[in-house]
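One is the number of the first residue; the rest follow in order along the sequence. Here the structure is a predicted model, which means the values were calculated and not measured. As the structure lists them, so they are numbered: ligands from 1, and atoms in each ligand from 1.
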Amino acid sequence: MNMEHPQGRLVVVSNRLPVVLEQNAHHGWRAKPGSGGLVTALLPVLRDRGGMWIGWPGTSVEDPDGIKTALDSASKDAGYTLHSVPLNKEEVHKFYQGFSNEIIWPLFHDLQSHCSFDPSYWRTYIEVNRRYAETVARHSREHDFVWVHDYHLIHVASELRQLNVHTQLAFFLHIPFPSLDIFTKLPWRFQLLRALLEYDLVGFQTLRDRRNFIQCARTLLDDVTVQGKGQVVTMHAGGRTLRLGSFPISIDYNAFMKHAASPEIAALASDLRTRLPNRQLILGVDRLDYTKGIPERLEAFRNALLRYPDLLERVRLVQVVVPSREDIPQYSELKTRIERLVGEINGQFTRPSGWVPIHYVFRSLTRSELLAYYRAAEIALVTPLKDGMNLVAKEFCACSIEEESVLILSEFAGAAAQLQNGALLVNPYDRDGVADAIYTAFGLPPAARRTRMRRLRRTIREHDIFWWVDSFLRAAIAKDLSAFPLPPDYVPQDSFTETVS
Ligand code: GDG
């Protein structure tokens, strides 16, 4: 057990439980423990000192006994306890789709025109956050360390304090924190800001997110002071003292690397490559989401084909779009827009030789298929309009076993702060700039590719998901914050390169 971590049990709270629930006509509900990066990283801590995970099981079907039995049995396999917070259909609509995904998600990604500021969403958000807090209060004890995740649950600490829970509470925001001008558009800006102050530690993905938060607090609240300037600082505000840190989330680098190097993935990747003789594979992998900049990327790709005819028949863009949040109207409109653009571009450039510039996949890939694409691709095009971090960029590098591929990365992905020394950084709105980067990547000699990719892989290997969990937990209790200097390769995203085309 790491003595530099908080010593009580770990209580993880997230919107969704890390399980997949299935209903079977004969055996009722079954819950399969999840296998995402966060679970993998937290598992050793949860098993070491005991702990639990609290969240919504992902179904609005009301069968509390059936679901509890399934979660109890999954808990035995998982090595930690799963507790569910049931949500009915209206709560899913107003708390999850509404306040979380039609207000905070677009606003925090700088897209206030996508927000629907319905006051009833706010009321349900508070009620549901209260329910999560009650579940935490029911199951936790005095010295537990409660770690709440993400924008769905900002209010949990505030509710817990009202329930007289005084254990250590920490929060990590997986998405960006917006600048003052954008944050102040939120009708509930004071409430949300004060709610964050109720935690003892608040973690952001990047220094820029933390700086935005501090600026909002300084402007909206009285008597705010901040001490320190490293990865973790101390803030005094609203009569409370808390720590604020920048913890860029990461991946299980070794697991990705080893799986990508396996004979299974090597064979799948080589199969993909033989279907593209003499061509470079450019890969885009994104959830269906307007923050990911998919139409902008397709336009930039079209621009590249128009401006650089050398690329014709020499590249293929594989764009994987994973279905997500299709119940929200803007997401189904986005799907239609992407499909229209793919059709247009393919119609415009397809050659009699059989070359089709874009291969479009609209489904979730298996992990093996995804890794085969990562390993086979020469270029990854990761161009979100704004992203908390972007794990696809890191996974692609980890799987680039031959180290001969190129990452083109948006300046507005949190990952750019760590990866700018090896990636080709672009402004995703700049169609000429992205087209130039595609052409540069296409022509980059193997030695230059290797130098860049090695730098990227080293950074990700040294700052993997286990480093992330460890630094977060240590930041919660460290006596001396000078033990958290900024990593040397971690540069705030304050400088932008002028591209002249
Ligand atoms: C949020 C923040 C932040 C994708 N397609 C398939 C698939 N994936 C997996 C990837 C990756 C994950 O989904 C996507 O993670 P991202 O980080 O890229 O993006 P969000 O889903 O928006 O995540 C983001 C993250 O939280 C963590 O803090 O980085 O900024 O928005 O792991 O591998 N997995 C499979 N098939 C697919 O087709 N199996």
Side-chain angles (χ1 to χ4, degrees), residues 12 14-16 18 20 34-42 100-101 104-111 147-153 171-178 203-206 208-209 246-253 255-257 259-260 265 268 283-294 318-325 331 334 360-375 377 380-399 407 409-410 412-419 428 460 463-465 468-469 472 493:
V12 182
S14 65
N15 167 49
R16 285 286 296 267
V20 184
S35 59
L38 191 60
V39 194
T40 313
L42 292 175
S100 303
N101 286 324
I104 309 191
W105 175 270
L107 191 75
F108 281 32
H109 286 88
D110 298 352
L111 294 164
W147 187 355
V148 179
H149 287 263
D150 227 0
Y151 61 104
H152 319 84
L153 301 176
F171 179 79
F172 184 76
L173 184 67
H174 289 253
I175 65 172
F177 196 90
F204 300 92
Q205 297 273 25
T206 68
R208 180 193 284 177
D209 299 317
S246 152
F247 306 95
I249 199 166
S250 196
I251 56 166
D252 184 348
Y253 177 89
F256 272 95
M257 196 229 349
H259 191 179
I265 301 299
L268 286 170
L283 180 67
V285 178
D286 310 83
R287 262 189 320 102
L288 178 70
D289 199 291
Y290 45 79
T291 61
K292 301 292 181 185
I294 306 168
V318 174
Q319 178 62 58
V320 179
V321 177
V322 182
S324 167
R325 304 182 196 166
Y331 286 73
L334 174 67
Y360 170 67
V361 182
F362 183 75
R363 66 180 168 89
S364 184
L365 303 177
T366 63
R367 195 166 158 102
S368 297
E369 286 175 314
L370 179 66
L371 266 65
Y373 273 121
Y374 283 154
R375 182 156 175 193
L381 206 42
V382 183
T383 56
L385 305 179
K386 182 105 179 174
D387 218 329
M389 180 54 52
N390 196 297
L391 296 180
V392 167
K394 294 186 173 183
E395 293 166 4
F396 170 73
C397 296
C399 296
L407 173 65
L409 179 63
S410 163
F412 308 126
Q418 287 176 298
L419 304 184
I460 303 164
H463 301 107
D464 66 2
I465 187 74
W468 177 80
V469 169
F472 190 91
Q493 297 142 289

*Going by heavy atoms in the side chains, are Leu407 and Leu419 under 4.5 Å from each other?*
yes

_Parallel, tilted or perpendicular: rings of Tyr374 and Phe396 (30°, 60°)_ = perpendicular

_Parallel, tilted or perpendicular: which one describes the rings of Trp468 and Phe172, with boundaries at 30° and 60°?_
perpendicular

[atom]: nearest protein contact (heavy atom, Å):
{"atom": "atom 21 (O) of ligand 1", "answer": "Arg287 NE, 3.0 Å"}
{"atom": "atom 36 (N) of ligand 1", "answer": "Leu365 O, 2.7 Å"}
{"atom": "atom 29 (O) of ligand 1", "answer": "Asn390 N, 3.0 Å"}
{"atom": "atom 31 (O) of ligand 1", "answer": "Asp387 OD1, 3.4 Å"}

*Heavy-atom closest pair, residues His174 and Asp150*: N-OD1, 2.9 Å

[atom]: protein heavy atom closer than 4.0 Å?
{"atom": "atom 23 (O) of ligand 1", "answer": "no"}
{"atom": "atom 27 (C) of ligand 1", "answer": "yes"}
{"atom": "atom 13 (O) of ligand 1", "answer": "no"}
{"atom": "atom 9 (C) of ligand 1", "answer": "no"}

*Would you say Phe172 and ligand 1 have an N/O pair spaced under 3.5 Å apart?*
no

Per-atom contacts, ligand 1 versus [X] - under 4.0 Å to a heavy atom:
{"X": "Gln205", "answer": "3 (C), 28 (O)"}
{"X": "Leu370", "answer": "7 (C), 33 (O), 34 (N), 35 (C)"}
{"X": "Ile249", "answer": "27 (C), 28 (O)"}
{"X": "Glu395", "answer": "10 (C), 11 (C), 32 (O), 33 (O)"}
{"X": "Ser364", "answer": "36 (N), 37 (C), 38 (O)"}
{"X": "Val322", "answer": "5 (N), 6 (C), 37 (C), 38 (O)"}
{"X": "Gly388", "answer": "30 (O)"}
{"X": "Val285", "answer": "4 (C), 5 (N)"}

_Options Lys292, His174, Met389, ranked by nearest heavy atom to atom 20 (P) of ligand 1, top entry_ = Lys292

*Counting heavy atoms only, name the option from Asp150, Val392, Leu391 that's nearest to atom 25 (C) of ligand 1.*
Leu391

*So which bit of Trp105 gets within less than 4.0 Å of ligand 1, heavy atoms only: side chain, backbone, both or neither?*
side chain

Quick one: pull up [atom1] in [X] and [atom2] in [Y] and give me the separation to the nearest 0.5 Å.
{"X": "Met389", "Y": "Ser250", "atom1": "CE", "atom2": "OG", "value": "8.0 Å"}
{"X": "Leu153", "Y": "Ser100", "atom1": "CG", "atom2": "OG", "value": "7.5 Å"}
{"X": "His259", "Y": "Ser368", "atom1": "NE2", "atom2": "OG", "value": "4.0 Å"}

*Out of His109, Gln205, Lys292, which residue meets the side chain to side chain donor-acceptor pair (under 3.5 Å) rule with Asp387?*
Lys292

_Given 3.5 Å as the limit, does a donor-acceptor pair link the side chain of Thr206 with the main chain of Gly414, or not?_
no

*asked:* Quick check against the 3.5 Å criterion: does Ser410 have a side-chain atom that pairs as donor or acceptor with the backbone of Pro384?
replied: yes

_Below 4.0 Å from ligand 1: does a non-hydrogen atom of Tyr151 turn up there or not?_
no

*asked:* Suppose we call two aromatic rings close when their centres sit under 6.0 Å apart. Are Tyr331 and Tyr290 close by that rule?
replied: yes

_Check for me whether the distance between the ring centres of Phe177 and Phe108 falls short of 6.0 Å._
yes

_Residue among Phe171, Phe472, Phe247 satisfying ring pair (Phe, Tyr, Trp, His ring centres under 6.0 Å) with Trp147_ = Phe472

